[in-house]
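Please read these numbers as outputs of a predicted model, since none were measured by experiment.
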Amino acid sequence: MAIVSLNTSSLDEKRIQRAAAEACGSVAPNFPLDKLIAVNPFWKLIDKPFQDVSARVHALTGITALMPASYWLDLYKEGAISDKAIEHSLAQYDVGVNKDIFIASMENERSAVTLPLLTKHFDAYRSNNEMTWEEECIFQISQFCAAYFQHESPLVQIEGNTPANTLYKSWLNGLKHDSGISVLMNTKSLKKIFSSLPSDVDTLLKEAVDELNISSQHAKDYFYALIMNLNGWSSYIAYRTWLKECNELQGLLAIRLAWELIVYRYYREFDKDKAQQVHVRFGFLIRQLASRIARQKEAERGLWVMMYAYEYEQQQRLQSKLTSASPAKQLAPDTQAIFCIDVRSEVIRRTLELKSPTIKTMGFAGFFGMPISYAPKHTDAERPQLPGLLSPQLRVNEKNVVAHRAEMTQHRAMWHKWSKSPLGSFSMVESAGWWYAFKLLKNTLLPSSKENPINALSHHCEWEISNKEGPIGLEDKVALAAGALKMMGISTFAPTVLLVGHGSKSRNNLHAAGLDCGACGGQSGEVNVRVLAQLLNDSEVRKSLIAMGYKIAGNTRFIPALHNTTTDDIECFDSPVPEKLKNLLIDAKHQAQKERAKHYSKNLPFESDKKRNQRFQHRASDWSQVQPEWGLAGNSSFIIGPRGRTRGVDLEGKTFLHDYAWQTDRDSSILETLMTAPMIVTNWINSQYNASVADNNKLGSGNKVLHNALHNNIGVFEGNSGDLRIGLSKQSLYNGQRWVHQPERLSVYIVAPNTKIYDIVQKHKMLQDLINNDYLYLFSWEHPAVIERLYKGKWYKSHGLSM
């Protein structure tokens with residue numbers, strides 16, 4: 001029986017390539033395990049309204065950006081969403097029903113979506129005890145990608161080809177020699193079908209589009225559905241593209257599209273009736289994509305109403321605190337403590353200030369303005385110590401280090417890396433025999449802290465800073481120090497200035513870098529604070545800084561410190577610390593532990609400080625612990641302004657805090673940097689946490705107990721197959737009874753005149769997209785009792801317009 005042609009039009013080659021490029025360009029990057037930082041999974045789509053993106057992504061890929069109706073209804077029943085908030089939200093979304101009718105109409109769950117994938121449709125002809133085409137497709141491609149990318153260079157180097165072609169041809173070469181797929185799928189030989197595939201990406205794209213009758217208006221959506229069918233690998237390859245290493249995403253798209261052709265051609269060869277039936281249904285589905293997306297958007301409107309109502313409730317609560325707060329008493333400080341803006345430092349800062357009116361805390365991005373990479377001497381290692389949005393301009397290493405110590409650490413790191421690999425872990429245990437059994441028993445009964453091998457080299461007090469030409473001179477050192485001081489907004493200095501970076505300590509944790517400092521590229525911030533402290537303690541640097549308006553008294557000492565976010569210990573380095581300050585840091589630790597303890601156990605907050613501290617120390621050293629800490633769970637707001645506005649306000653460990661004084665920022669250059677760097681990073685963090693809760697299956701990494709690491713820190717499988725897993729594990733977000741992180745879009749509050757904020761937004765399309773397309777909220781807070789919102793070029797009294 002002849003196959004009915006559903007669409008006689010076809011794309012020319014350039015239009016196909018454009019559609020493929022646009023689909024691949026919509027994928028956000030996912031960073032590898034050793035550089036793990038949060039990324040907004042919808043980052044490449046922010047030029048479209050979030051509601052449109054959510055509906056389109058769900059209709060094409062099944063990925064959801066929203067919590068189900070049952071989640072929001074539970075919050076409403078618990079009182080976390082008020083009737084007033086829902087009524088306000090209904091008005092903003094122009095829903096013409098009252099609150100009671102709206103609540104009654106909310107469905108408990110959304111219906112499953114039919115994905116526009118040909119392989120999915122042919123799965124109807126597979127029996128229950130057979131692997132589906134979709135499962136085999138993902139399994140085969142994922143295993144190939146694991147083998148291909150786990151080596152420093154591809155397994156098959158093909159000269160004279162683009163990276164996309166090299167990836168595709170390497171896959172095709174292996175596929176043509178694979179006889180196992182036919183056996184596994186219980187089909188007739190597929191080798192003839194494999195051999196019929198074109199040998200390059202462009203030809204494959206053109207041939208598939210023509211043969212499957214994909215029209216020009218549907219090609220981009222179809223390609224996007226295909227590339228996101230392997231969301232994990234596509235996100236990893238997008239990271240490689242982000243680094244400008246290569247552009248292989250179209251190669252992955254071609255591989256996934258080739259599987260559509262393989263299955264279609266197989267049935268066309270051996271069962272034409274089934275081929276035609278599926279082709280007709282598939283063609284109808286493709287033609288209906290636009291209307292399906294529109295229906296999906298309408299179906300999701302109630303969820304957006306509930307989500308906004310919850311956000312409105314939380315914003316009103318926070319804004320009430322902010323506008324009614326009385327500035328806490330601040331005496332002339334004997335100590336300034338500068339922390340990373342990370343939400344985990346908010347509790348520490350609040351407690352220090354509550355205990356002592358002579359302590360002033362400040363917030364600054366955790367890389368402390370040091371655009372550096374860290375390259376330990378006598379090793380091959382090098383790692384970035386700055387935000388993923390930036391590239392290192394300088395390299396730092398130890399001035400004096402014993403060579404054999406570095407070599408031992410490098411060998412230890414290699415052993416550690418091998419032991420974490422999928423094959424190495426098994427062969428190592430088998431080779432070690434009873435000796436390793438003893439080690440496992442020791443780790444269980446007598447757990448001890450163990451840090452990253454490279455971090456063991458970073459406990460150093462003398463640093464060499466170099467650029468491409470070699471060690472930098474005094475002039476460059478002064479410029480580096482002055483730049484950091486300018487961004488911090490600090491011009492007067494207390495006798496003791498703590499520079500507090502942060503890092504996390506846990507055992508057997510593949511996602512440990514995700515708990516470290518995101519502003520340091522997913523590393524501990526120890527190197528950054530040590531390097532900056534050395535610069536600011538340098539007498540020659542201090543002399544030169546005077547001419548730049550920074551006079552540092554001779555008795556002022558900059559002390560580097562590290563906040564261990566798992567235990568909330570703060571360790572100070574290189575200089576003696578006043579006894580009073582030591583005791584205050586211990587008090588702050590106990591208060592932070594007490595506040596975080598409520599998420600683990602109802603009884604833990606009421607234990608003694610000593611007992612509770614022992615439990616937190618044990619969490620950091622327990623190799624079986626799946627919830628060493630909650631990371632940035634709960635993050636919901638970012639305040640850019642002087643600490644005096646929030647000093648004494650309980651922000652519940654949910655707020656990023658960056659110091660800023662607009663009065664001294666005459667050209668608004670500092671504010672522009674804050675809005676285009678830290679504000680973007682906080683949006684990424686907030687969006688990744690929200691997405692990992694909303695769809696932990698596709699945008700989160702599932703059950704971390706089942707994780708297996710890939711070589712070279714690429715990522716993890718859940719089990720030994722399936723797609724590469726990205727995002728946060730469920731254990732990082734859920735305590736067994738409830739979500740510790742409640743999805744809520746970031747609210748940014750800036751203490752500055754409206755005109756300054758507006759002018760910066762107008763200069764950057766990225767900011768306009770984030771604000772006007774509803775990926776975050778932007779408020780000004782110039783006057784203590786007045787908060788206004790910027791939305792689509794206009795200012796509104798807070799929530800006068802809220803969507």
Side-chain angles (χ1 to χ4, degrees), residues 49-55 58 64-111 294-324 634-637 652 654-655 686-687 689-691 693-695 733 737-749 771-779 787-792 794 796-803:
F50 200 178
Q51 291 179 60
D52 294 346
V53 168
S54 174
H58 188 70
T64 179
L66 299 167
M67 298 298 282
S70 57
Y71 171 83
W72 300 115
L73 291 173
D74 285 344
L75 287 181
Y76 172 65
K77 292 171 185 175
E78 293 168 5
I81 304 176
S82 67
D83 289 341
K84 178 182 177 182
I86 293 177
E87 289 167 355
H88 175 82
S89 187
L90 287 169
Q92 299 301 323
Y93 281 88
D94 196 24
V95 179
V97 298
N98 65 36
K99 181 262 303 177
D100 293 329
I101 294 174
F102 171 74
I103 291 295
S105 69
M106 289 288 286
E107 296 179 359
N108 287 327
E109 299 294 340
R110 285 169 291 186
S111 58
R295 288 196 301 272
Q296 182 62 36
K297 183 178 178 181
E298 180 60 28
E300 289 184 351
R301 187 161 66 147
L303 301 178
W304 285 103
V305 169
M306 292 299 286
M307 182 176 182
Y308 173 68
Y310 176 74
E311 292 168 340
Y312 172 80
E313 193 83 41
Q314 300 308 307
Q315 288 168 352
Q316 292 291 90
R317 183 167 168 264
L318 174 60
Q319 291 175 20
S320 177
K321 285 185 179 182
L322 297 179
T323 55
S324 61
N635 73 87
S636 59
S637 56
E652 304 175 20
K654 296 181 177 182
T655 303
N686 173 260
S687 298
Y689 271 80
N690 291 349
V693 173
D695 193 341
L733 306 159
Q737 297 178 319
R738 62 180 184 83
W739 294 104
V740 175
H741 180 80
Q742 307 283 348
E744 176 183 353
R745 283 169 290 182
L746 188 73
S747 296
V748 181
Y749 299 86
I771 296 164
N772 298 332
N773 290 332
D774 302 313
Y775 292 91
L776 57 74
Y777 298 88
L778 184 67
F779 299 95
I787 292 177
E788 297 176 286
R789 184 186 178 199
L790 178 62
Y791 188 66
K792 295 189 176 178
K794 295 182 180 180
Y796 301 88
K797 294 298 181 185
S798 181
H799 293 292
L801 174 74
S802 305
M803 58 167 288

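Between Tyr749 and Phe779, the ring-plane angle classifies as parallel under the 30° and 60° cut-offs. Note: Tyr312 and Tyr308 have tilted aromatic rings, judged against thresholds of 30 and 60 degrees for the angle between ring planes.
With values rounded to the nearest 0.5 angstrom, Ser105 atom OG is found 11.0 Å from Asp100 atom CG. Atoms CD and CG, from Glu87 and Asn98 in turn, are 8.5 Å apart once rounded to the nearest 0.5 Å. Of the inter-residue distances, the one linking Leu746 atom CG with Thr655 atom OG1 reads 9.0 Å to the nearest 0.5 angstrom. Taking CD from Gln316 and NZ from Lys84, the interatomic distance works out to 6.5 Å, rounded to the nearest 0.5 Å. To the nearest 0.5 Å, atom NZ of residue Lys99 and atom CG of residue Leu90 are 10.0 Å apart. One finds the CZ atom of Arg745 at 13.0 Å from the OG atom of Ser636 (value rounded to the nearest 0.5 Å).
Counting all heavy atoms, side chain and backbone alike, Ala69 lies closest to Leu303 at N-CD2, 3.5 Å. Closest approach of Tyr76 and Ile81 over heavy atoms only: CD1-O, 3.3 Å. Summarising the geometry of Pro743 relative to Tyr71, their closest heavy-atom pair is CD-OH, 3.3 Å, with the distance given to 0.1 Å. The minimum heavy-atom distance linking Ala80 with Glu313 is given by the pair O-CG, 3.4 Å. Closest approach of His741 to Gly634, counting heavy atoms only: ND1-N, 2.8 Å.
One side chain, Glu300 or Ser54, offers a donor N or O that lies under 3.5 Å from an acceptor on the other. In this structure, a donor-acceptor pair under 3.5 Å is absent between the side chains of Ser637 and Ser747. Side-chain polar atoms of Tyr777 and Glu311 form a donor-acceptor pair below 3.5 angstrom.
In this structure, Asn773 and Phe50 have side chains that are not in contact, with every pair of non-hydrogen atoms separated by 4.5 Å or more.
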Steps toward side-chain contact (heavy atoms from CB on, under 4.5 Å) verdict (Met67, Met307): CA-CA 8 Å; Met67 298 298 282; Met307 182 176 182; over 6 Å; no
Pair Asp774-Trp304, side-chain contact (heavy atoms from CB on, under 4.5 Å): steps then yes or no: CA-CA 11 Å; Asp774 302 313; Trp304 285 103; 5.9 Å; no
Verdict with reasoning, Gln742 to Val693, per side-chain contact (heavy atoms from CB on, under 4.5 Å): CA-CA 8 Å; Gln742 307 283 348; Val693 173; over 6 Å; no
Stepwise side-chain contact (heavy atoms from CB on, under 4.5 Å) test for Lys792 and Ile771: CA-CA 7 Å; Lys792 295 189 176 178; Ile771 296 164; over 6 Å; no
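Between the side chain of Asn686 and the backbone N or O of Glu744, at least one donor-acceptor pair lies under 3.5 Å. With hydrogens and angles disregarded, a donor-acceptor distance shorter than 3.5 Å links the side chain of Ser89 to the backbone of Val305.
Salt bridge status for Glu652 with Lys321: present, with a side-chain N to carboxylate O gap under 4.0 Å.
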